[in-house]
Amino acid sequence: MARAFTPKVVTANDLLEGDVIYLTAANDWTRDLKAAELIEDEAEAQLRLLEAQSQQKIAVGAYLADAKAGEHGPEPVHFREDFRRTGPSNYNHGKQEAVANV
């Protein structure tokens with residue numbers, strides 16, 4: 001029996017800055033997971049991934065990541081994706097610095 005499809009988001013890294021980015025329904029990139037398109041159809045997910053992979057001047061390493069619907073938008077399912085969205089772990093800077101100063 002085939003396994004049920006788990007909703008996905010398309011994620012990659014920004015070519016110039018290296019930040020984690022997510023594909024939106026408007027075919028733009030965002031650094032906010034909550035603004036990403038939550039894809040609930042397997043065929044559509046594959047098409048969106050191909051679209052992301054064609055944008056090599058913006059994004060590198062695009063792939064589909066499991067996600068779930070949250071109150072304010074998509075949320076990560078796995079620790080890896082939750083960890084990726086907070087930025088590098090070697091020291092506080094960027095997103096981590098902003099959280100540390102709040």
Side-chain angles (χ1 to χ4, degrees):
M1 186 164 131
R3 187 185 286 180
F5 179 76
T6 303
K8 311 275 190 231
V9 294
V10 177
T11 184
N13 289 91
D14 183 276
L15 177 65
L16 299 177
E17 297 178 13
D19 285 353
V20 175
I21 54 177
Y22 305 95
L23 193 62
T24 69
N27 212 37
D28 295 321
W29 291 96
T30 181
R31 287 171 170 73
D32 183 7
L33 175 59
K34 293 178 175 149
E37 175 184 21
L38 183 65
I39 308 165
E40 299 190 24
D41 177 76
E42 188 170 5
E44 180 66 19
Q46 292 301 321
L47 290 173
R48 299 297 286 147
L49 178 59
L50 288 172
E51 174 62 33
Q53 290 171 335
S54 74
Q55 298 182 26
Q56 296 176 358
K57 293 183 179 182
I58 300 170
V60 294
Y63 66 94
L64 296 170
D66 291 346
K68 63 182 179 181
E71 187 176 328
H72 300 288
E75 296 177 355
V77 173
H78 298 290
F79 169 78
R80 178 179 191 264
E81 296 307 319
D82 194 28
F83 191 73
R84 279 183 77 236
R85 73 182 173 147
T86 61
S89 61
N90 54 349
Y91 59 91
N92 285 343
H93 59 91
K95 295 180 232 178
Q96 294 170 333
E97 184 70 22
V99 172
N101 291 326
V102 175

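Not measured: the values here are computed from a predicted model.
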If we only count heavy atoms from C-beta on, is the [X] to [Y] side-chain gap below 4.5 Å?
{"X": "N13", "Y": "R84", "result": "yes"}
{"X": "E81", "Y": "V20", "result": "no"}
{"X": "L38", "Y": "V9", "result": "yes"}

Nearest atoms (heavy-atom pairs only) where [X] meets [Y]:
{"X": "L33", "Y": "P76", "result": "CD2-CD, 3.3 Å"}
{"X": "P74", "Y": "K34", "result": "CD-O, 3.5 Å"}
{"X": "A52", "Y": "L23", "result": "CB-CD2, 4.2 Å"}
{"X": "I39", "Y": "F5", "result": "O-CE2, 3.6 Å"}
{"X": "Y22", "Y": "R31", "result": "CE1-O, 4.0 Å"}
{"X": "L64", "Y": "K8", "result": "CB-CD, 4.0 Å"}

Atom pair CD/OG1 of E42 and T6 - distance to nearest 0.5 Å
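E42 CD to T6 OG1: 9.5 Å, rounded to 0.5 Å.
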Measure the spacing between CG of D28 and CD1 of I58 and express it to the nearest 0.5 Å.
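The CG atom of D28 sits 8.5 Å away from the CD1 atom of I58.
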With a 4.0 Å cut-off on N to O distance, would you call E51 and R48 a salt bridge?
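No, E51 and R48 are not salt-bridged.
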Using a 3.5 Å distance criterion without hydrogens, assess whether the side chain of T11 forms a donor-acceptor pair with backbone atoms of I21.
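Yes; judged by distance alone, with no hydrogens or angles, the pair exists.
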